[in-house]
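Data first, discussion second: the structure below is written as structure tokens.
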Amino acid sequence: MTRVRFAPSPTGYLHIGGARTFIFNWLYARHQGGVMVLRIDDTDVERNTQTSLDSIYEGLRWLELGWDELYRQSDRLDLHRQAAWAIFEKGLAYRDFMPSSPAIENPSGGWLFHPGMRELSREESDRRANAGEPFVLRFRVPRESRAEIVVSDRVYGTVTKATADLEDFALLRSTGMPTYHMASCADDADLRITDILRGQEHLANTFKHVLIFEALNVPVPNTAHLPLLMAPDGAKLSKRIHGPVVSVTTYRDAGFLPHAFVNFLSLLGWSPKNDREKMSREELVELFSLEGINRSNATINFTDEDPFDPKAVWLNAEHLRALDLDELARRLMPYVQQAGFTNATPEKLRAIVPLIHERIRLLRDIGSVADFFFSAELRPYDPAELIPQKGDAAMAARVLRKAKEVLAAVPGFDHGTLDSALRAAADELKLKAGQMFQPIRVAVCGRKNAPPLFETLEVLGRDTVLTRLDLALGLI
RNA sequence: GGCGCUAUCGUCUAACGGUUAGGACGGAGCCCUCUCAAGGCUUAAAUAGGGGUUCGAUUCCCCUUAGCGCUACCA
């Protein structure tokens, strides 16, 4: 049974890199018919915050993907410590009593270990520990018995590292708290994780993890490291320097559809290799495979002016158009409220939705695209907008008066009736349809760019239309 | 500094060692059209550089360069 895990540490809000890792794990689990574990890696008590924990749950819930099992490392510290001491008992780890500050430089470059500490006899080590001297428990990297560690990554292939280049990493801190490496491996083993999909920044850590798994005498899970998500400035995506543009909640608030967002992120570092772009959740599950994951980092294309990658926006628009109108109306309601149109009813919104569903790219666009449907009064507009192409104020006035007359008298206020009545009126005035429609559109919508006229009039209703026509006449 | 990974249009990506190097977003243009969208068509735009191997390299190997990662009692 395939078991995967997503293991965020609650030291900041959920950002898109984390979301992408979660998505890949989820897709893999579902594709395999396996289990998705969410594990909160909160062993860094100094940096953990409740706020970021909440943000992680909030972000993940918004994705509408879900998980099957939930664990918190802070509930499992005994397990981690037991595992660490088991390694110590096997002689594969040792106590390091050197204070952390003066790091000893190795001539070859990196730090390897504190001289003398590896060789301490068990008796000496026990004696000093019993005397209360603080220590860090370190893994004894087998530099003499083994030349290199080999990792067979499902994405990066065979990667090797000389043991001579691997430092004696810590398992337990002087506080007794497990380090990330210790806690992560002990949990992966205990939770029977079969496949680890995580960011490429962990590829180099995997050598240490192989050593821990072997010392624990458990099978090494398969690993598949994912290329990193980069910012346009070339830096790794960071909450600290790139700010809220990388927060999942920013996308939610702007009105991305969760499945569109998932679709977008799935295409960063992975390809179905058949030119498919827009894919439903089900299609992604069906198509997802480790073979489609590539090895080079992907840059998210955002700028200071526009925080969203144009492709993400396009994909969102595509999913929006594919959405059933009732569901779109339902998803739109919070954004209508957010835009301040508190008088909006579900019925009214539902009537408007067909007119805007091909015209919005983000759900929050409803606020700017459909404002004139909701507001009693139009925002002030330039009366010059009322003047049609190749026309003048007098023509605008004629059009508006004629429109008033026709629309007041028309037997029904539906698309077909309005269409023929207004086209007939245009003929009468010897005007092109466009010249006839523009003044009306501006009078009624307050701007030139708006949904098709007849549908708009129909939704607005005769009273509102007539009132706005009068107002416009007053402006000329 | 040491070690590891990576390198195809601006961005995301495709291409058993043999293609006019394909698709998508974005850009430009045209069409459709009551405006805006949507849609249709057309178009510009890439194999980092240098060596090999091969009849033939985007593809395999080496070097250079660049980027990223790891090098903590952070994860």
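Each chain gets a letter, A, B and so on, in the order the sequences are listed, and its residues count up from 1.
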Where the side chain of A:Pro452 is concerned, which of B:A24, B:C34, B:A14 is the nearest nucleotide? B:C34
What's A:Gln389 touching, base or sugar-phosphate or nothing? Going by heavy atoms closer than 4.0 Å. nothing
Check this for me: does the side-chain of A:Lys311 come within 3.5 Å of the base of B:A24 through a donor and an acceptor? yes
Can you measure A:Gln200 atom CD to B:U6 atom C1' for me and round it to whole angstrom units? 7 Å
Tell me if a side-chain donor or acceptor on A:Asn316 pairs with a main-chain N or O of A:Arg361 at a distance below 3.5 Å. yes
Considering only B:G69, B:C36, B:U11, which nucleotide approaches the side chain of A:Asn449 most closely? B:C36
Rounded distance (Å) that lies between atom P of B:C3 and atom CG of A:Leu166: 14 Å
Closest to side chain of A:Ala433, choosing from B:A37, B:C34, B:A75: B:C34
Is it possible for you to check whether A:Arg462 lies under 6.0 Å from the centre of the six-membered ring of A:Phe413, through NZ or CZ, and within 45° of that ring's axis? no
Round to a whole Å and report the spacing from CD of A:Glu455 to P of B:U35. 13 Å
Per the atom types in the model, does the base of B:A14 pair as donor or acceptor with the side chain of A:Asn274 at under 3.5 Å? no
What's the closest nucleotide to the A:Leu453 side chain, out of B:C34, B:U71, B:G23? B:C34
Could one point to a donor on the side chain of A:Glu358 or the base of B:G39 with an acceptor on the other under 3.5 Å away? no
Between the protein and nucleotides 16-22 of chain B, list the N/O to N/O atom pairs that are separated by less than 3.5 angstrom.
from: B:G22; atom 1: N2; to: A:Asp275; atom 2: OD1; distance (Å): 3.3

Assign A:Asp44 to base, sugar-phosphate, or nothing according to its heavy-atom contacts below 4.0 angstrom with the strands shown. sugar-phosphate
Of the candidates B:C34, B:C5, B:C68, the side chain of A:Phe454 sits closest to B:C34
A:Thr206 and A:Asp153, any side-chain heavy atoms less than 4.5 Å apart: no
What's the CD1-P distance between A:Ile293 and B:U6, to the nearest Å? 14 Å
Quick one: is B:C34 close enough that its OP1 or OP2 comes under 4.0 Å of any side-chain N or O from A:Arg423? yes
Rounded to whole Å, please give me the gap between CD1 in A:Ile356 and C1' in B:A38. 13 Å
Could you please name the partner base of B:G26, counting Watson-Crick and G-U wobble pairs only when both distances are under 3.5 Å? none
Is a side-chain donor or acceptor of A:Glu283 paired with a backbone partner of A:Ser280 at a separation under 3.5 angstrom? yes
Would you mind classifying the nucleic acid contact of A:Arg321 as base, sugar-phosphate or nothing, using non-hydrogen atoms under 4.0 angstrom? sugar-phosphate
To the side chain of A:Ser296, which of B:A38, B:A7, B:A75 is closest? B:A7
Using a heavy-atom cut-off of under 4.0 Å over every strand shown, decide if A:Ser9 touches base, sugar-phosphate, or nothing. sugar-phosphate
Could you work out which one of B:A15, B:C73, B:C5 sits closest to the side chain of A:Arg138? B:C73
Scan every strand shown for a Watson-Crick or G-U wobble partner of B:A37, both distances under 3.5 Å, and answer none if you come up empty. none
Report the nucleotide, chosen from B:A75, B:C34, B:C5, that has the shortest atom-to-atom distance to any side-chain atom of A:Asp41. B:A75
At less than 3.5 Å, do the side-chain atoms of A:Arg295 and the base atoms of B:C5 form a donor-acceptor pair? no
Run the side chain to side chain contact (heavy atoms under 4.5 Å, CB included) test on A:Val4 and A:Ile193 for me, step by step, so that the C-alpha distance in whole Å, both residues' side-chain angles and the decisive distance to 0.1 Å come before the verdict. CA-CA 6 Å; A:Val4 302; A:Ile193 299 301; 5.6 Å; no
In the structure shown, which nucleotide is the Watson-Crick or G-U wobble counterpart of B:U58, with both distances under 3.5 Å? none
Spacing of the P atoms in B:U65 and B:U42 (rounded, Å): 45 Å
Geometric class of the A:Phe256/A:Tyr251 ring pair [parallel <30°, tilted 30-60°, perpendicular >60°]: tilted
For A:Met182 and B:C73, give me the distance from atom CE to atom P, rounded to whole Å. 16 Å
State yes or no: are the ring centers of A:Phe261 and A:Phe308 separated by less than 6.0 Å? no
Select one nucleotide: of B:C73, B:U13, B:G26, the one nearest the side-chain heavy atoms of A:Pro310. B:G26
The Watson-Crick or G-U wobble partner of B:A7, with both key distances under 3.5 Å, is B:U65
Considering only B:U6, B:G2, B:C34, which nucleotide approaches the side chain of A:Asp165 most closely? B:G2
Pairing partner (Watson-Crick or G-U wobble, both distances under 3.5 angstrom) of B:A21: none
Using purine N1 to pyrimidine N3 plus N6-O4 or O6-N4 for Watson-Crick, or N1-O2 and O6-N3 for G-U wobble, each under 3.5 Å, what pairs with B:A14? none
For the pair A:Glu167 and A:Arg138, find out whether any cationic side-chain nitrogen is under 4.0 Å from an anionic carboxylate oxygen. no
Could you identify the nucleotide paired to B:C70, looking across every strand shown and requiring Watson-Crick or G-U wobble geometry with both distances under 3.5 Å? B:G2
Given atom CG of A:Asn301 and atom P of B:G27, what is their separation to the nearest angstrom? 12 Å
Atom CD1 of A:Ile149 and atom P of B:C3: how far apart are they, to the nearest Å? 17 Å
Test: A:Arg5 and A:Asp41 ion pair at under 4.0 Å: no
Is the shortest side-chain heavy-atom distance between A:Met117 and A:Phe135 below 4.5 Å? no
Is the shortest distance from a Lys or Arg side-chain nitrogen in A:Glu455 or A:Arg359 to a carboxylate oxygen in the other one below 4.0 Å? no
Counter-base of B:A44, judged by Watson-Crick or G-U geometry with both distances under 3.5 Å: none
Give me the distance, rounded to whole Å, that separates B:A24 from B:G40 when you measure between the P atoms they each carry. 10 Å
Need one value for A:Met177: base, sugar-phosphate or nothing, where a base atom within 4.0 Å counts as base even if backbone is also close, heavy atoms only. nothing
Categorize A:Val159 for me: base, sugar-phosphate, or nothing, with a 4.0 angstrom heavy-atom threshold over every strand shown. sugar-phosphate
